[in-house]
Each structure stands twice: as C-alpha cells, then as structure tokens.
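Note that this is a predicted model, so its numbers are computed, not measured.
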Amino acid sequence: MGGEGTGQSWTISYKGMSSDNIKGLVLALSSSIFIGASFIVKKKGLKKAGASGTRAGSGGYSYLYEPLWWAGMITMIVGEVANFAAYAFAPAILVTPLGALSIIISAALAHIILREKLNVFGILGCVLCVVGSTTIVLHAPQEQQIESVAEVWDLATEPAFLFYAALVIAGVLILIFHFVPQYGQTHIMIYIGICSLVGSLSVMSVKALGIALKLTFSGTNQLLYSQTWVFTMVVLACVITQLNYLNKALDTFNTAIVSPIYYVMFTSFTILASVIMFKDWDRQNPTQIVTEMCGFITILSGTFLLHKTKDMVDGVPMRLPVYTTEMDDLEHEGIPLKCQDALRSS
C-alpha cells in the first residue's frame with residue numbers, strides 16, 4: 001500500500017510536465033548536443049585546414065575548403081533548427097537556460113577528442129550546470145495552449161509587454177547613438193547590453209513564429225495572417241542587430257569574458273520578457289518560482305566557474321599558447337546564425 005501511495009504521489013507531482021514541455025525539452029537537449037559537438041568538429045576542421053593553408057586567425061579562409069569544418073557547420077545548423085523548434089513547444093523560461101548544457105558537451109568532447117584537460121573546477125562547473133538545469137526542468141511552467149498566431153499577437157500588444165518593448169527599444173537606441181561612440185571600445189557592457197536587450201525581443205518573436213509554423217504544419221495555416229509576417233520581420237531585424245554588435249564585442253574583448261556575461265544578461269532579459277508576455281509565473285506558485293530562480297543561479301555559477309577556470313591545469317592558472325591560437329581560429333571564422341547558442345558553446 002505504501003509503495004502504491006508513493007507511486008501515485010510521484011505521478012501527481014509530474015502532472016505539470018505536459019507533452020508539449022517534454023517535446024520542447026527533448027528538442028532543447030538535442031540542440032545543446034548538436035551545437036556543443038559542432039564546435040569540436042569545426043575546431044578539428046580549422047586545425048586540419050591551418051596545417052595546409054593560412055589559419056583563420058591570420059585572416060585565411062582555407063577552412064572553407066575543409067569538409068570537416070562544413071560537417072561542423074551542418075551540425076550547428078541542425079542544432080539551431082532544434083532550438084528554434086523547442087520554443088514552439090515549451091516556455092522560454094525552460095528552453096533558454098538549457099543552452100548552458102552545450103558548454104558541458106563541448107567541454108567533455110574537447111577533453112576526450114582534443115585532449116584539452118578538464119580540471120576539477122571545470123568538472124564542478126559542469127555538475128552545477130546539470131543540477132541547475134534539472135531543477136528548472138522539474139519546476140518549469142506548462143506551455144500555454146495557443147490556437148492561432150492572433151492570440152500571440154494579442155499577448156504581444158498588451159500594455160505590459162508594449163511598455164517593456166518600448167523601454168528596450170529606447171534603451172537600445174540610447175546605447176547605440178550615445179554610449180557606443182564614446183564607450184563601446186572600453187566598456188564591455190555596452191555591446192553586450194544591446195545584444196541582450198534585442199535578444200529578449202528576438203526570442204519572443206522566434207517563439208511566436210515557431211508557434212505559427214507548428215500550427216501551420218498541424219493543418220491550421222497561419223501564413224495567411226499578417227501577424228506571422230510581422231513577427232518574421234522582427235526576428236530578422238533583431239538577429240541582424242545582435243550579430244552586428246556581437247561581432248563588435250568579440251572583436252574588441254576576450255571571448256572568455258564575453259561568453260558568460262552575455263549568457264547571464266541574455267537569459268535574464270529573455271526570462272523577464274517571457275514572464276511579462278506569456279505570463280509564465282501566473283500559472284505557478286511562489287515555491288516553484290523561487291526554485292526556478294535557484295536553478296538559474298546554479299547554472300550561472302557553473303557557467304562562470306567553467307569559463308573562469310578553463311585555462312587552469314590542476315588548479316594552477318596557466319594559459320597555453322596552443323590554446324590561444326585555437327581559440328583565435330574560432331573567433332575569426334565568424335559567428336553562427338543564432339548568436340546566443342553560439343556564444344553558450346564558446
């Protein structure tokens with residue numbers, strides 16, 4: 001009887017994990033695996049191309065003729081598509097933080113395939129990311145049931161989200177026209193702030209577009225609605241802006257610094273935008289919300305620990321020239337289409 005009661009309570013506790021959330025979770029995890037693996041494959045391609053031609057870090061493009069590099073690019077594109085699809089099924093508060101898992105994948109594969117030693121602090125960082133991700137998955141809100149893109153448009157045009165969007169656009173314009181000319185080359189938060197703010201609107205539009213495509217493929221054509229194309233234009237404008245200022249940030253500052261700061265800011269603004277637009281927290285109690293935030297902070301801790309200690313050997317700071325060269329190759333080859341996923345794998 002006791003075992004039966006325990007089984008029933010276990011089932012009840014997992015009622016919140018809807019089928020859509022499970023689909024989104026599987027897609028997000030698949031995305032992290034593909035994107036994390038793609039960086040290792042691309043890196044091997046860069047090394048192979050650099051051995052017979054001009055390195056990417058020296059301005060060469062011989063890697064474009066290397067099949068292994070293209071295999072990595074295709075793998076990354078598959079990951080980006082999976083991530084895009086994940087937003088159509090699960091809340092952004094579930095999908096976005098899971099991007100940190102690609103860091104674990106790339107770190108583990110680099111340790112096995114590229115023989116880049118993963119020190120004890122790196123292992124601890126990976127464990128923290130897994131614990132934080134598990135916490136968020138177990139307490140994520142259910143995906144809101146939406147029957148048409150018009151419903152998403154209604155959510156996007158509510159006063160609360162319009163106010164948030166107006167603040168974001170105003171903040172971005174102030175940063176671009178006032179702060180970038182004066183402080184862009186010296187203050188890392190300027191470029192990353194622009195990418196993160198614009199990125200939060202980008203994810204909301206990606207989610208809206210993903211929902212529209214999901215409904216279209218299920219038999220309810222959403223391409224006839226003008227709102228679908230408005231969201232598409234917003235996605236394009238946001239992605240172009242993100243890529244532009246992300247390239248500036250990477251060209252000006254160290255990737256090891258850009259990556260964790262961008263992950264923190266981008267994920268934080270995305271969760272805020274999702275909470276305002278899709279009212280994720282309205283369907284949860286305070287305990288679930290606090291637990292999700294604890295999971296998010298745990299992931300942030302693991303991400304920072306992994307990045308800050310990746311140049312250590314047995315706990316001793318040590319920057320190897322070979323490592324720097326390989327990272328330069330990755331930095332100069334260009335940024336993938338979806339910058340937040342690329343960054344989380346840096």
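- A search for side chain to side chain donor-acceptor pair (under 3.5 Å) contacts involving Gln185 returns Tyr191, not counting sequence neighbours.
- Here the CD1-OG1 distance, from Ile297 to Thr135, works out to 11.5 Å after rounding to the nearest 0.5 Å.
- A 4.5 Å side-chain heavy-atom check between Met189 and Ile261 finds at least one atom pair inside the cut-off.
- Looking only at atom types and distance, the side chain of Glu292 has a donor-acceptor partner in the side chain of Gln284 under 3.5 Å away.
- Taking 4.5 Å as the limit, every side-chain heavy atom of Ile105 sits out of range of all side-chain heavy atoms of Phe39.
- Minimum interatomic distance between Gly122 and Leu306 (heavy atoms only, all atoms of both residues): O-CD1, 3.2 Å.
- Between Tyr164 and Phe161, the ring planes lie tilted relative to each other; the angle falls in the 30° to 60° range.
- With hydrogens and angles disregarded, a donor-acceptor distance shorter than 3.5 Å links the side chain of Lys207 to the backbone of Ala90.
- Linking ILVMFWY side-chain heavy atoms closer than 4.5 Å, directly or via other members, places Ile104 and Val41 in two distinct hydrophobic clusters.
- Pairs of residues two or more places apart, or lying in two chains, that qualify as side-chain hydrogen bond (donor to acceptor under 3.5 Å, both in side chains) and include a residue from residues 271-280 are Glu158-Lys279, Ser274-Asp280, Asp280-Arg283.
- Nearest heavy atom pair, residue Ile146 against residue Leu215, reads O-CD2, 3.9 Å.
- No side-chain donor-acceptor contact under 3.5 Å links Asp20 to the backbone of Gln142.
- In terms of modelled atom types and a separation under 3.5 Å, the side chain of Ser205 and the main chain of Leu201 share a donor-acceptor contact.
- Ile174 and Phe177 fall within the same hydrophobic cluster, defined by Ile, Leu, Val, Met, Phe, Trp and Tyr side-chain heavy atoms under 4.5 Å apart, directly or through other members.
- Leu197 and Tyr183 fall within a single hydrophobic cluster, where Ile, Leu, Val, Met, Phe, Trp and Tyr are joined by side-chain heavy atoms under 4.5 Å apart, directly or via other members.
- Between Glu151 and Leu155, every side-chain heavy-atom pair lies at or beyond the 4.5 Å cut-off.
- When the options Ser106, Ser31, Ser133 are evaluated for a side-chain contact (heavy atoms from CB on, under 4.5 Å) with Leu101, the one that passes is Ser133.
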request  = Start with the C-alpha gap between Phe266 and Val203, add the side-chain angles, then the distance that decides, and say whether side-chain contact (heavy atoms from CB on, under 4.5 Å) holds.
outcome  = CA-CA 10 Å; Phe266 168 76; Val203 169; 3.5 Å; yes

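- Thr252 places no side-chain N or O within 3.5 Å of a backbone atom of Ala249 that could act as its donor or acceptor partner.
- Counting only heavy atoms from C-beta outward, the side chains of Ile136 and Ile299 approach each other to under 4.5 Å.
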inquiry  = What verdict does the side-chain contact (heavy atoms from CB on, under 4.5 Å) test give for Thr134 and Val130, after you've listed the backbone C-alpha separation in whole Å, the side-chain angles of each residue and the deciding distance to 0.1 Å?
reply    = CA-CA 6 Å; Thr134 303; Val130 171; 4.1 Å; yes

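- In this structure, Val149 is a member of the same hydrophobic cluster as Ile211, with clusters built from ILVMFWY side-chain heavy atoms closer than 4.5 Å.
- The shortest heavy-atom contact between Ser200 and Val168 is OG-CG2, 4.5 Å.
- Hydrophobic cluster membership for Ile240: none, as no Ile, Leu, Val, Met, Phe, Trp or Tyr side chain comes under 4.5 Å of it.
- Note on residues 194-248: pairs passing ring-ring contact (aromatic ring centres under 6.0 Å, His included), not counting sequence neighbours, are Trp153-Phe231.
- Within the structure, ring-ring contact (aromatic ring centres under 6.0 Å, His included) contacts touching residues 275-302 (residues at least two apart or in different chains) do not occur.
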request  = With side-chain contact (heavy atoms from CB on, under 4.5 Å) as the test, would you mind laying out the steps for Leu98 and Leu25 before giving the verdict?
outcome  = CA-CA 9 Å; Leu98 291 181; Leu25 172 62; 3.6 Å; yes

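- For the atom pair CD1 (Ile194) and CG (Leu175), the distance works out to 5.0 Å, reported to the nearest 0.5 Å.
- Note that CD1 of Ile190 is 9.0 Å distant from NE2 of His178, once rounded to the nearest 0.5 Å.
- Taking NE2 of His139 as the reference point, atom CE of Met293 lies at 12.5 Å (rounded to 0.5 Å).
- Summarising the geometry, atom CD belonging to Glu66 is positioned 4.5 Å from atom NZ belonging to Lys48; distances are rounded to the nearest 0.5 Å.
- By the 4.5 Å heavy-atom criterion applied to side chains, Tyr87 and Thr96 are counted as neighbours.
- Nearest heavy-atom pair across Ala28 and Ala86 is N-CB, 3.9 Å.
- Proximity of Val78 to Ser38: side-chain heavy atoms (C-beta onward) are nowhere separated by under 4.5 Å.
- In terms of heavy-atom proximity, Pro91 sits nearest to Asn21 at CD-OD1, 3.5 Å.
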query = Are Ser148 and Gln222 close enough, and set up right, to give a side-chain contact (heavy atoms from CB on, under 4.5 Å), and what steps lead you there?
reply = CA-CA 7 Å; Ser148 75; Gln222 301 296 305; 3.6 Å; yes

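- Taking the side chain to side chain donor-acceptor pair (under 3.5 Å) definition, one finds that Gln227 meets it with nothing, sequence neighbours left out.
- Looking at heavy atoms from C-beta onward, Leu124 lies out of side-chain contact with Val120 at the 4.5 angstrom threshold.
- Looking only at distances, no side-chain donor or acceptor of Thr228 sits under 3.5 Å from a matching main-chain atom of Leu224.
- To the nearest 0.5 Å, atoms OG1 (Thr220) and CD (Glu147) are separated by 8.0 Å.
- Side-chain contact between Val26 and Phe89 is absent, with no heavy-atom pair separated by less than 4.5 Å.
- Scanning all heavy atoms of the two residues, the minimum distance from Ala208 to Val152 falls at CB-CG1, 3.5 Å.
- No single ILVMFWY cluster, assembled from side-chain heavy atoms under 4.5 Å apart, contains both Ile74 and Leu68.
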